[in-house]
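Notes follow the structure.
A note on names: the letters A, B, ... follow the listed sequences, proteins ahead of strands, and every chain is numbered from 1. Being a predicted model, the structure only gives us computed values, none of them experimental.
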2 protein chains.
Amino acid sequence: MKDLTPATQKFILHWGEMGTKWGINRTVAQIHALLFISERPLHAEEICGTLGVARSNVSNSLKELQNWGIVKVTHLPEDRRDHFESMKDVFEMFRVIITERKRREIDPTIAMLRECVEESARETGLAAVHTRQRLEQLQAFFELGADFYEKVNRLETPTAVRLFRMGDKLFRLLGLKG
Amino acid sequence: MKDLTPATQKFILHWGEMGTKWGINRTVAQIHALLFISERPLHAEEICGTLGVARSNVSNSLKELQNWGIVKVTHLPEDRRDHFESMKDVFEMFRVIITERKRREIDPTIAMLRECVEESARETGLAAVHTRQRLEQLQAFFELGADFYEKVNRLETPTAVRLFRMGDKLFRLLGLKG
DNA sequence: TCTGGATTTCTGTAAAAACAGAAACGAGAG
DNA sequence: CTCTCGTTTCTGTTTTTACAGAAATCCAGA
C-alpha cells in the first residue's frame with residue numbers, strides 16, 4: 001500500500017474485512033474504500049499500484065462496483081484513460097447499496113416464500129399446516145421490512161436523516177411507549 | 001434431503017444461498033432453516049440424515065448457531081442426546097441477529113473510524129483534512145444508525161411492529177413530508 | 001472405576017473463490 | 001488502415017474455506 005497515510009491504510013484494510021463479513025469480495029471493498037476516501041478520480045493503474053493487486057483484478061472489481069451503482073466512470077481532459085470515483089454522500093451511498101441488496105436478495109426471498117406458502121397450502125396433513133404457518137410468519141416479516149424501507153426510501157435524504165434523529169421524541173409523539 | 005416436503009426443501013436451499021450472500025456458511029444457514037421450520041427439537045443425528053452432511057459439520061454449525069443466540073439446546077425425557085431448537089418468533093430472531101452483527105461488526109467499525117479520525121487529525125496537510133472529513137461523515141452515519149437501532153431495540157416487539165406499520169401516517173404526523 | 005453412547009476436536013481432502021499474468025479486444029490518432 | 005494505449009476476457013495457479021472421517025474427550029449410570 002503505497003503513498004497512503006497510516007489512517008487511510010487502516011481504514012482500507014478494515015473496510016476490506018467488513019466486506020468479506022457481508023459477502024463482498026475483499027478487493028472490491030478495498031477499492032471502494034480507496035475511491036471513497038480519494039479526493040480525485042483514480043485510474044485503474046493507480047489503484048493497482050496503491051493496493052498492490054493485479055490489473056485484471058482491479059478491472060473486474062471496478063465493474064462490480066459499477067454494477068452496484070456506487071462507482072462511476074469519468075474522463076479527464078488530455079487523458080484517454082477511464083477514471084473512477086465513488087459516490088461521496090454517505091447517506092445516498094448506503095441508500096443505493098441497501099436498495100440493491102433488497103432487489104437482489106430480499107425481493108427474491110419474498111417471492112420464494114410466497115411460492116412455498118402456496119405449495120404447502122396444497123399439501124395435506126398437520127405437519128404441512130405448521131410449515132405453512134412458519135413460512136407465513138417469515139414472509140410477513142420480510143414484507144413489513146420491505147414496505148417500511150420503500151417508504152423511507154421515498155423521502156429526501158435530509159428528511160430521512162431527521163427521521164432517524166428523532167428517537168425518543170418520535171416514540172412519545174406516537175404514543176408508542178405505553 | 002430426506003423426509004422433507006418440496007416446499008420445505010426449497011425453503012432450506014434458498015435460505016442456505018441467502019446465508020452465503022450475507023457471509024453465513026451455507027450449512028449453518030441450512031441447519032438454521034431446518035430447525036426453524038421443524039415443529040419439534042431435533043438431535044444432531046437427525047440433522048445429518050435430513051441434510052446429508054457429516055456429523056462434525058453439524059456439530060460445528062450448531063455451535064455457531066448457539067453463538068449467534070438463535071438456537072438453543074433442550075433435553076427430552078428418556079433421551080440423553082442434545083436436542084436443538086430455533087427461536088420461533090421471527091421478529092425476536094432478527095432482533096437477536098441484528099444485535100449480534102452490530103456488536104461484532106458495526107461497533108468495531110465505529111471504533112476504527114474514531115481512531116482513524118483521531119490519527120488523521122494529527123497529520124498535517126490539505127489531503128489529511130479531506131481524509132478526515134470523509135471519515136467523519138462515515139462515522140456520523142454509522143453512529144446515527146447505531147443510535148437509532150438502540151432506541152428501536154428497547155421497544156417491546158409489538159410496539160416496534162406498530163412503528164414499522166405506520167408508514168405514511170407516521171411521516172405526516174411528524175410533518176416530515178415537506 | 002468401568003462402560004457405552006454422545007459430542008467435540010483434530011487432520012487431511014475436496015471444493016470454491018480469489019487472483020495474477022497473458023492473450024484478445026476496442027477505440028482513437030495519425 | 002494500422003499503430004498505440006488502454007481495457008476486458010480467459011486460463012491456470014494459489015489461497016481460502018468447507019467439509020468428512022477418525023480420534024479423542026466427556027458424561028451418566030452401573
Side-chain angles (χ1 to χ4, degrees), chain A residues 1-2 12-13 15-35 41-68 71-85 104-105, chain B residues 1-2 12-13 15-35 41-68 71-85 104-105:
Chain A
M1 287 214 184
K2 290 183 56 179
I12 291 175
L13 291 172
W15 203 245
E17 290 310 311
M18 274 284 282
T20 64
K21 300 199 181 175
W22 290 84
I24 309 285
N25 177 290
R26 179 180 285 110
T27 305
V28 171
Q30 285 186 355
I31 292 176
H32 173 238
L34 176 60
L35 291 177
L42 305 177
H43 61 261
E45 212 65 53
E46 283 179 294
I47 300 172
C48 290
T50 309
L51 298 181
V53 297
R55 190 54 235 280
S56 55
N57 201 357
V58 169
S59 175
N60 290 324
S61 300
L62 283 169
K63 194 192 282 184
E64 172 99 20
L65 286 167
Q66 286 170 278
N67 287 340
W68 277 97
V71 162
K72 299 260 180 279
V73 188
T74 60
H75 283 95
L76 274 63
E78 312 289 307
D79 198 332
R80 282 173 49 188
R81 292 170 297 188
D82 291 354
H83 286 64
F84 301 89
E85 64 181 339
R104 294 187 192 189
E105 293 145 21
Chain B
M1 286 216 185
K2 290 182 53 179
I12 290 175
L13 291 173
W15 203 247
E17 291 310 311
M18 273 284 281
T20 63
K21 301 202 182 177
W22 290 83
I24 310 284
N25 177 289
R26 177 180 285 110
T27 306
V28 171
Q30 285 186 354
I31 293 177
H32 172 238
L34 176 61
L35 291 176
L42 305 177
H43 61 260
E45 212 65 53
E46 284 179 293
I47 299 172
C48 291
T50 309
L51 298 182
V53 297
R55 188 55 235 280
S56 56
N57 201 356
V58 170
S59 175
N60 291 325
S61 300
L62 283 169
K63 194 193 282 184
E64 173 98 18
L65 286 167
Q66 286 170 277
N67 287 341
W68 277 96
V71 162
K72 299 259 181 278
V73 187
T74 59
H75 283 94
L76 274 64
E78 312 288 307
D79 197 332
R80 282 173 50 190
R81 292 170 297 186
D82 290 354
H83 285 64
F84 301 88
E85 64 181 338
R104 294 185 191 190
E105 293 144 21

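Two residues, A/Gln66 and B/Gly52, neighbour DNA chain D, and the one matched to the more 5' nucleotide by heavy-atom proximity is A/Gln66.
The distance from atom OG1 of B/Thr20 to atom CD of B/Gln30, rounded to the nearest 0.5 Å, is 10.0 Å.
B/Arg26 forms no cation-pi arrangement with B/Trp15, by the criterion of a distance under 6.0 Å to the ring centre and an angle within 45° of the ring axis.
B/Arg55 comes within contact range of at least one nucleobase, with a heavy-atom separation under 4.0 Å.
Using a 4.0 Å cut-off, some side-chain N or O of A/Lys63 falls inside it from OP1 or OP2 of D/dT9.
The nearest pair of heavy atoms linking B/His43 to B/Asp82 is CB-O, 3.2 Å.
Atom pair B/Arg80:CZ and D/dA30:P shows a separation of 10 Å (rounding to whole Å applied). Counting to the nearest Å, the P atom of D/dT17 and the CG atom of A/Asn25 are 12 Å from each other. D/dA18 atom C1' lies 15 Å from atom CD1 of B/Ile24, rounded to whole Å. B/Asn60 has its CG atom 11 Å from the P atom of D/dA18, to the nearest Å. Atom CG in A/Asp82 sits roughly 12 Å away from atom C1' in D/dC5 (whole-Å rounding). Atom pair B/Gln30:CD and D/dA18:P shows a separation of 13 Å (rounding to whole Å applied). Taking atom CG of residue A/Leu51 and atom C1' of nucleotide C/dA20, one finds them 15 Å apart after rounding to whole Å. As a whole-Å value, the separation of B/Phe84 CZ from C/dT7 C1' is 9 Å.
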